[in-house]
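Below is one structure, written out as structure tokens; the observations come after it.
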Amino acid sequence: MKYLITGITGFAGPNLANLLVKQNDEVWGLIRSSNGREQDIRDIVPDEIFSKINFVYGDITKKQDMNRIFEENKFDGVFHLAAQSHPPTSFIDPKGTMTTNIQGTKNIIDAISRYQRTCVLMFCSTSEVYGVVPDNQMPIKESCPIKPVNPYGLSKSIADVEVLGRANIKADPYNLRFFVTRAFSHTGLRRGNNFSISSDAYQLARIKKGLQEPTISVGTLSSKRVVMDARDCVRAYILLMERAIKCDEKVIGEAFNVGGDELFTMGELLDHMIEIIGLKGKVNKLVNQKFVRKIDIPTQIPDSTKLRELTGWKPEISIVNKTLPDLLNYWDKKIRN
């Protein structure tokens, strides 16, 4: 199969590309401009895989760019991962967040509709669309009301509804082969250091190297999240895409929660990393208001039964035994003394 990945230079994109190339799919990555950004993913994409990735250049917020790409190239499927995905940033730049996440998605939808209607689109939404869900309504199902509490969640909600609408209205020009994934908390290699968990790992690696005082800036440590490894997350994307390619009506026009099994507080994850890196009893924790969300979501527990029963997917990577050590090692290699 021939797939396009938008957001290939981001977090999930390179992890997804690794798996697709390993299973002999043809992978194309969308890059905003030809300024060498494709080299950014070399930190987790080995040369034997990188050499097999093709790149196209364009900005999802520019309609003419998306029309050109989909007119000139034919794809079996598109994994649309590109987004402004940092909730705190969405408060600082709500307009930019809306433009990227809503208009960018609409441009891709329109280009597929115009030039290659058989192409499958997977829109990567987010658990943030559900907002703050009461404990008595957990675990969170796909039928849970959409009530975002930040501009990022709002932007994804609007695009989420647009994608599902275009797939479920059974009349031209709407009837398209689209589906939505709503990933819950996931972390791993290439997660930016402005996101929780990865921020802690980044700071611990700096402390270990003597580049930072033994005080780590943290957000709300009591927040509870079911966390999965990004490599498990993108495997779910592939399983759903493969079914959609085969015109499985159980996938097309549907939304799927993608969530792990292991529940942690942010404080527990930090303590695990402190122990793994050998700094137990040597690090102070300081709450930094810059890291505290304006509106916190205290707990998120997903119900991904729909995905699991349809595909057989389940998380395979242990957060404590594999993900966190890998993340710490990733930052250790990235940070130069």
Side-chain angles (χ1 to χ4, degrees), residues 11-12 15-16 18-19 44 85 87 124-142 144 181-193 195-205 216 218-240 256-277 279-280 285 291 293 296-331:
F11 167 41
N15 287 284
L16 175 60
N18 280 338
L19 287 183
I44 70 165
S85 58
C124 183
S125 187
T126 171
S127 61
E128 293 280 338
V129 301
Y130 298 119
V132 179
V133 178
D135 289 345
N136 62 4
Q137 294 181 25
M138 292 196 197
I140 302 168
K141 300 180 181 293
E142 290 86 354
C144 182
T181 55
R182 296 173 183 160
F184 283 70
S185 294
H186 51 297
T187 193
L189 309 182
R190 276 193 68 78
R191 189 57 153 167
N193 65 351
F195 287 87
S196 59
I197 306 175
S198 190
S199 170
D200 296 344
Y202 169 76
Q203 293 183 73
L204 288 171
I216 184 167
V218 298
T220 306
L221 295 179
S222 60
S223 298
K224 296 179 182 179
R225 296 289 186 272
V226 171
V227 183
M228 63 183 159
D229 192 290
R231 291 164 288 192
D232 274 330
C233 184
V234 298
R235 187 165 49 82
Y237 296 168
I238 294 172
L239 290 172
L240 288 168
F256 295 88
N257 288 342
V258 183
D261 293 323
E262 301 181 77
L263 179 66
F264 304 93
T265 66
M266 293 298 100
E268 288 171 341
L269 290 167
L270 174 55
D271 288 341
H272 282 303
M273 286 190 286
I274 289 173
E275 185 164 357
I276 291 167
I277 205 169
L279 293 174
K280 187 174 182 180
K285 304 167 189 174
F291 291 12
R293 287 195 181 195
D296 187 43
I297 299 175
T299 305
Q300 273 193 338
I301 301 175
D303 184 336
S304 52
T305 301
K306 185 177 176 182
L307 162 69
R308 297 182 189 218
E309 290 184 347
L310 185 63
T311 66
W313 176 88
K314 63 179 181 179
E316 296 177 348
I317 300 172
S318 167
I319 297 299
V320 174
N321 296 326
K322 179 64 175 172
T323 306
L324 298 183
D326 284 357
L327 184 58
L328 288 164
N329 186 55
Y330 169 78
W331 281 119

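Side chains included, hydrogens not; waters and symmetry mates left out as well; all remaining heavy atoms used.
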Could you measure the distance from the [atom1] atom of [X] to the [atom2] atom of [Y]? Nearest 0.5 Å is fine.
X      : Y      : atom1 : atom2 : answer
Ile276 : Leu204 : CD1   : CG    : 10.0 Å
Ile140 : Ile301 : CD1   : CD1   : 8.0 Å
Leu310 : Thr305 : CG    : OG1   : 12.0 Å
Ile274 : Leu269 : CD1   : CG    : 11.0 Å
Arg190 : Leu327 : CZ    : CG    : 12.5 Å
Leu263 : Met138 : CG    : CE    : 9.5 Å

Short N-O contact, Asp229 and Arg191, less than 4.0 angstrom: no
Pair Asp271 + Lys285, salt bridge at N-O below 4.0 Å: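 Salt bridge between Asp271 and Lys285, a charged N being under 4.0 Å from a carboxylate O: yes.
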When you compare the side chains of Ser304 and Trp313, does any donor N or O come within less than 3.5 Å of an acceptor on the partner? no
Nearest non-hydrogen partners of Gly192 and Trp331, listed with the distance: C-CZ2, 4.4 Å
Nearest heavy-atom neighbours spanning Pro298 and Arg225: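 Closest heavy-atom pair between Pro298 and Arg225: O-NH1, 3.6 Å.
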How are the rings of Phe184 and Tyr130 set to each other: parallel, tilted or perpendicular (split at 30° and 60°)?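 Geometry flag for Tyr130 against Phe184: parallel rings.
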According to the interplanar angle, ranging from 0 to 90°, do the rings of His272 and Phe264 count as parallel (below 30°), tilted (30 to 60°) or perpendicular (above 60°)?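 Taking Phe264 first and then His272, their aromatic rings stand perpendicular (interplane angle over 60°).
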Under the criterion side-chain contact (heavy atoms from CB on, under 4.5 Å), I'd like the reasoning laid out for Thr265 against Ser223: C-alpha separation, chi angles, the key distance, then a yes or no. CA-CA 5 Å; Thr265 66; Ser223 298; over 6 Å; no
Using side-chain heavy atoms (C-beta onward) and a distance below 4.5 Å, is Pro315 in contact with Arg308? yes
Is there a donor-acceptor pair closer than 3.5 Å between any side-chain N or O of Thr220 and the backbone N or O of Ser222?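 Checked: no pair found.
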Donor-acceptor under 3.5 Å (Asn15 side chain, Arg231 main chain): no
After noting the C-alpha distance and the side-chain angles of Tyr237 and Cys124, does the key distance pass the side-chain contact (heavy atoms from CB on, under 4.5 Å) rule? CA-CA 9 Å; Tyr237 296 168; Cys124 183; 3.4 Å; yes
Go through the steps for Arg235 and Leu19 under the test side-chain contact (heavy atoms from CB on, under 4.5 Å), then give the verdict. CA-CA 8 Å; Arg235 187 165 49 82; Leu19 287 183; 4.1 Å; yes
Using side-chain contact (heavy atoms from CB on, under 4.5 Å), reason through Met273 and Ile197 one step at a time and then give a plain yes or no. CA-CA 9 Å; Met273 286 190 286; Ile197 306 175; 4.2 Å; yes
More than 12 heavy atoms from other groups under 6.0 Å of CD on Glu268: yes
